[in-house]
Trainee: 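Here you go, one structure.
None of these values were measured; they are calculated from a predicted model. Every heavy atom of this structure was used, including side-chain atoms; hydrogens, water molecules and symmetry mates were not. By convention in this document, chain letters (A, B, ...) are assigned in the order of the sequence lines, proteins followed by strands, and residues within each chain are numbered from 1.
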Amino acid sequence: MKLKYKTYVRILFLMISTILFSYFIYSFYFIQNYPISITNRISFDAKIGFIKQNIDLTMIDTIIVGSSIGLNNVQGEALEKYSKEAKGVLNLSVYEATPPQIKQVLELIPLFPNLKRVIYSAQFSDFAYAGKLKDYNSKFIIDYISNNLSIKESVKFYFKSCQDIFFCIKRQWNWNREYQQSNHFTYLGFDKSGSVPLEIYGKDIIQSRWKNPHRDRQSIYAFRALDKITEDLKKKDINFIFVMQPYRQPLVKKYNHLKPTMQKFKQKVEVILSKNTGVFLDLHNMMNLQDEYFADRSHLNSKGSLISSKAIAEFLDKESKK
Amino acid sequence: MLFNSYEFIFLFLPITFFIYFYLNSKKLTILSKIFLILSSLFFYSWWNIAYLPLILLSIIFNFFVGEYIYNKKYLLYIGVFFNLGLLGYFKYMDFFIENINFFTDYNLSLFHLALPLAISFYTFQQIAYLVDSYRGDTKEHNFLDYAVFVTFFPQLIAGPIVHHAEMMPQFNNSKNMIKNYRNIALGIFIFSIGLFKKVAIADSFAIFATQGFDVATSLNMIEAWLTSLSYTFQLYFDFSGYTDMAIGIALLFNIKLPINFNSPYKALSIQDFWRRWHITLSNFLKRYLYIPLGGNRVGETRIYFNLFLTFLLGGIWHGAGWTFVFWGVMHGTALALHKFWQKLRFKINFILAWFITFNFINISWVFFRAKEWEDAIKVLDGMFFGEIILPQILSSKLSFLSTGSEKWSSIFYSTPEVFIWIISGFILSLLFKNSMQLREKFIPTPFYMLWTILSLMSIFILYRKSEFIYFNF
């Protein structure tokens with residue numbers, strides 16, 4: 001079907017305009033409903049969006065940081081409920097965060113004017129690597145969360161966020177499939193405090209994660225980052241609590257390398273805490289949790305994280321009386 | 001400003017287009033030309049305004065010399081010396097000093113001059129103008145037309161190298177001052193193909209080429225071939241993509257730019273290749289260098305020498321470095337040998353002819369791409385003497401072919417799709433019609449509209465914006 005050139009050009013422009021208009025509509029929809037790309041971690045992007053939309057920054061007195069061990073194993077809501085001390089809790093943990101990345105995340109502290117304490121929830125396996133967040137700009141994130149971006153910066157940011165439309169479509173697709181299922185280890189359904197309790201029980205348990213322990217690998221750079229974190233917090237007069245989360249006891253008994261690795265890890269952390277500031281809470285030995293509270297070798301399910309949170313709440317209250 | 005940028009596609013181009021034709025529709029022809037010149041200078045200055053005075057000086061000087069140059073040899077010498085002097089100063093001075101320092105005991109300090117954008121292109125165009133004015137072959141002597149001819153933004157930065165005789169009359173043709181929907185439709189079609197070539201294809205090959213040339217410290221045989229082929233295809237799709245975009249944009253303004261590529265990788269000889277690759281440069285070198293040197297009218301040995309010299313200078317034109325000199329030497333020698341071969345009247349099978357030609361070109365691009373000699377040697381060493389280490393997917397079944405003990409590793413481990421890209425590169429450049437052939441076939445049907453729209457979807461991956469390779473020359 002041959003068209004007149006004028007008609008052809010008009011239809012072509014109409015179609016191109018429609019595509020561009022659809023693109024803008026979709027971008028607007030995406031920005032409203034899905035985590036915008038700010039860092040190279042979807043869980044951090046989601047957390048930033050969550051804080052911006054839901055959290056009264058002035059109310060926060062306690063921050064939980066960590067990897068999935070922080071995100072899944074501590075329920076901020078429960079901590080608020082059971083503790084007299086922690087009345088405004090925000091879980092700032094990011095999936096797979098290494099200690100240097102936690103240090104980067106803690107650059108956001110200026111957002112919280114009434115912050116009293118930071119709880120680092122971890123297991124020895126979190127100290128195996130020491131990668132950093134790429135192209136991380138804490139100042140920009142602080143301005144973004146606190147609505148202090150200029151109009152020019154905002155336009156530039158939203159434009160940049162959606163210019164790779166294929167990335168946005170992929171993220172939307174993955175968001176619904178992977179990040180909204182509470183029986184997945186990638187779950188990102190935050191509770192009111194930004195924690196992510198896992199509903200992984202029975203057949204949802206992944207056997208390889210359940211049966212196989214972590215290697216004993218530890219990175220010296222990870223400990224150096226912890227050292228720097230505690231040093232910085234001391235300067236800011238913020239209390240620091242390091243929580244060593246439970247590990248499946250049958251594995252500790254079965255695999256000879258686990259116990260000494262955990263002991264060594266505990267010793268190293270305690271040395272750092274005594275040098276700077278902070279207290280150590282060994283939930284692994286204190287709670288001696290049964291398997292029914294675990295989602296895998298080191299992640300707790302929602303029942304387990306509730307118990308863990310209660311224990312931390314009690315510990316906080318005890319510590320405050322000292 | 002890059003053709004493959006948001007600011008160009010959504011702001012500069014539409015604004016310039018509409019204002020230009022609005023002024024023409026009001027019969028403000030001179031004003032429309034002034035507007036086009038100012039827009040082009042704005043486009044040029046977007047990168048670095050520091051070199052705007054240089055291009056203005058060059059235009060003014062060449063125009064006025066051109067006015068009085070007819071039959072005055074000394075003015076021709078002055079004009080050519082001025083142009084080559086500027087080019088030499090900005091492009092080759094540091095290279096020259098480095099070599100003086102290397103071969104003598106001097107320790108002269110370098111100038112560290114940034115290469116003014118497009119200087120290689122507008123210098124050649126203006127030398128051609130001066131030579132033709134000297135011969136009395138130029139008819140138009142209107143400054144505005146001359147300035148539009150030199151600065152017209154679609155061709156300003158990286159060609160095609162246009163000739164005043166084919167360009168200046170077009171700016172004066174009253175038919176070209178009215179919006180032409182055929183040209184708009186065709187222009188957008190060609191532009192969209194160029195955009196797709198650049199953004200979707202060339203920039204994908206660039207990832208693999210950069211890995212091999214700049215990141216890896218050593219390459220096994222397969223990696224080295226993948227690296228060189230990636231660059232071979234990157235360069236073609238990048239430069240021909242740029243040219244398509246330039247031709248498409250110029251068509252929107254009813255200006256026809258000359259063809260610059262004609263499926264060069266289908267060439268069956270090195271001579272054939274230079275009739276298909278960067279055609280406007282080949283034409284310039286032939287017309288203003290090879291023929292004045294005597295062309296084919298001299299003795300046989302002199303012809304070989306002229307060919308060699310022409311391409312040696314062509315190599316140097318591309319960049320100030322020994323790798324470019326060597327690349328020119330390779331092509332000059334190959335063309336001289338081919339001329340000799342033709343004289344012997346031997347015939348070879350066309351597949352073998354293609355194979356030899358393509359591989360020669362592929363190998364010569366290694367020198368063209370390498371930043372240092374060591375990079376070129378690294379890639380060539382891998383291509384011919386590297387270990388054969390098979391890709392992981394093949395290693396279990398074809399392990400007997402491996403000569404190395406290592407597993408498939410390092411640079412392409414995370415990007416096994418490089419194989420698919422290379423095969424696609426061959427298919428696209430050898431089996432498909434090129435954009436200029438498609439231009440001839442274009443008719444305003446829904447099929448071509450869909451094609452245009454799909455190609456234009458490349459704007460959604462413009463975020464990985466990169467410069468065109470030929471901007472460096």
Side-chain angles (χ1 to χ4, degrees), chain A residues 1-31 34-40 42 45 129 131 134-135 137 140 151-174, chain B residues 2 4-11 13-14 17-18 21 175 178-193 195-196 199-200 203-204 248-249 251-254 439 441-466:
Chain A
M1 185 180 65
K2 197 175 166 184
L3 303 164
K4 282 184 179 172
Y5 279 106
K6 196 170 180 175
T7 314
Y8 175 93
V9 170
R10 283 183 172 175
I11 296 173
L12 180 65
F13 271 95
L14 187 70
M15 292 184 74
I16 293 170
S17 307
T18 309
I19 290 169
L20 289 177
F21 183 70
S22 311
Y23 162 74
F24 284 115
I25 296 287
Y26 174 75
S27 299
F28 184 73
Y29 164 77
F30 181 84
I31 287 169
Y34 297 95
I36 310 168
S37 175
I38 302 174
T39 68
N40 62 344
I42 189 169
D45 291 345
Y129 298 97
K134 283 179 194 164
D135 304 323
N137 183 345
F140 175 83
I151 293 172
K152 192 181 161 192
E153 283 174 322
S154 299
V155 169
K156 206 172 158 188
F157 166 65
Y158 285 117
F159 178 69
K160 257 187 114 178
S161 307
C162 292
Q163 69 186 122
D164 184 357
I165 197 79
F166 301 110
F167 173 84
C168 294
I169 292 168
K170 195 175 157 193
R171 178 165 275 199
Q172 181 190 347
W173 171 255
N174 286 339
Chain B
L2 294 165
N4 56 326
S5 65
Y6 296 108
E7 57 269 25
F8 178 82
I9 295 172
F10 293 111
L11 292 172
L13 183 59
F17 175 85
F18 284 113
F21 282 107
K175 280 185 189 168
I178 304 161
K179 259 185 285 182
N180 179 325
Y181 285 97
R182 183 184 181 279
N183 285 343
I184 294 171
L186 194 51
I188 295 173
F189 176 63
I190 301 293
F191 176 83
S192 69
I193 291 176
L195 186 69
F196 183 79
V199 177
D203 287 352
S204 300
I249 296 161
L251 263 180
L252 298 178
F253 293 83
N254 298 323
R439 181 169 78 170
K441 297 266 178 195
F442 180 83
I443 40 171
T445 59
F447 171 73
Y448 280 97
M449 191 184 294
L450 185 66
W451 189 339
T452 306
I453 288 168
L454 288 176
S455 301
L456 277 178
M457 297 286 266
S458 319
I459 57 172
F460 292 124
I461 47 173
L462 281 187
Y463 61 92
R464 47 181 208 181
K465 185 164 62 176
S466 65

Trainee: State which residues pass side-chain hydrogen bond (donor to acceptor under 3.5 Å, both in side chains) with A:Y26; sequence neighbours excluded, sorted by chain then number.
Mentor: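 Listed in chain order: A:Q172.
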
Trainee: Can you say whether B:F447 sits under 4.5 Å from chain A via the side chain, the backbone, both, or neither, judging by heavy atoms?
Mentor: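 Neither part.
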
Trainee: Roughly how far, to the nearest 0.5 Å, is NZ of A:K4 from OH of B:Y181?
Mentor: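 Between atom OH of B:Y181 and atom NZ of A:K4 there are 13.0 Å.
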
Trainee: Taking the six-membered ring for Trp and the single ring otherwise, decide whether the centroids of B:Y6 and A:F159 are under 6.0 Å apart.
Mentor: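 Judged by ring-centre distance (under 6.0 Å), B:Y6 and A:F159 do meet the cut-off.
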
Trainee: Around atom CZ of A:F140, are there more than 12 heavy atoms of other residues, nucleotides or ligands at under 6.0 Å?
Mentor: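 Count over threshold, so yes.
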
Trainee: Using non-hydrogen atoms and a 4.5 Å limit, figure out which bit of B:I459 sits close to chain A: side chain, backbone, both or neither.
Mentor: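 It is the side chain, since no backbone atom gets that close.
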
Trainee: Is it the backbone or the side chain of B:L450 that comes under 4.5 Å from a heavy atom of chain A, or both, or neither?
Mentor: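 Neither part; nothing is under 4.5 Å.
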
Trainee: Which answer fits B:F189, side chain, backbone, both or neither, if we ask what part of it has an atom under 4.5 Å from a heavy atom of chain A?
Mentor: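 For B:F189, there is no contact with chain A at all, as no heavy atom is under 4.5 Å.
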
Trainee: Please say whether more than 12 non-hydrogen atoms of neighbouring residues, nucleotides or ligands are located less than 6.0 Å from OH in A:Y8.
Mentor: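 Above 12, so yes.
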
Trainee: Please work out which of the three classes, parallel, tilted or perpendicular, describes the rings of B:F460 and A:Y23, given edges at 30° and 60°.
Mentor: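 Judged by the thresholds at 30° and 60°, the geometry between A:Y23 and B:F460 is tilted.
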
Trainee: So, taking the atom named CD1 in B:I443 and the one named CG in A:L3, what distance separates them when rounded to the nearest 0.5 Å?
Mentor: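 Interatomic distance, B:I443 CD1 to A:L3 CG, rounded to 0.5 Å: 10.0 Å.
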
Trainee: Atom CZ of residue position B:F10 - does it have more than 12 heavy atoms of other residues, nucleotides or ligands inside 6.0 Å?
Mentor: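 Counting other residues, nucleotides and ligands, CZ of B:F10 exceeds 12 neighbours.
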
Trainee: Using every non-hydrogen atom in the two residues, find where A:K2 and B:T445 come nearest and quote the distance to one decimal.
Mentor: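 Here A:K2 and B:T445 meet closest at CA-CG2, 4.1 Å.
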
Trainee: Quick one, A:L12 with B:I184, criterion side chain to side chain contact (heavy atoms under 4.5 Å, CB included). Give me CA distance, side-chain angles, the key distance, then yes/no.
Mentor: CA-CA 11 Å; A:L12 180 65; B:I184 294 171; over 6 Å; no

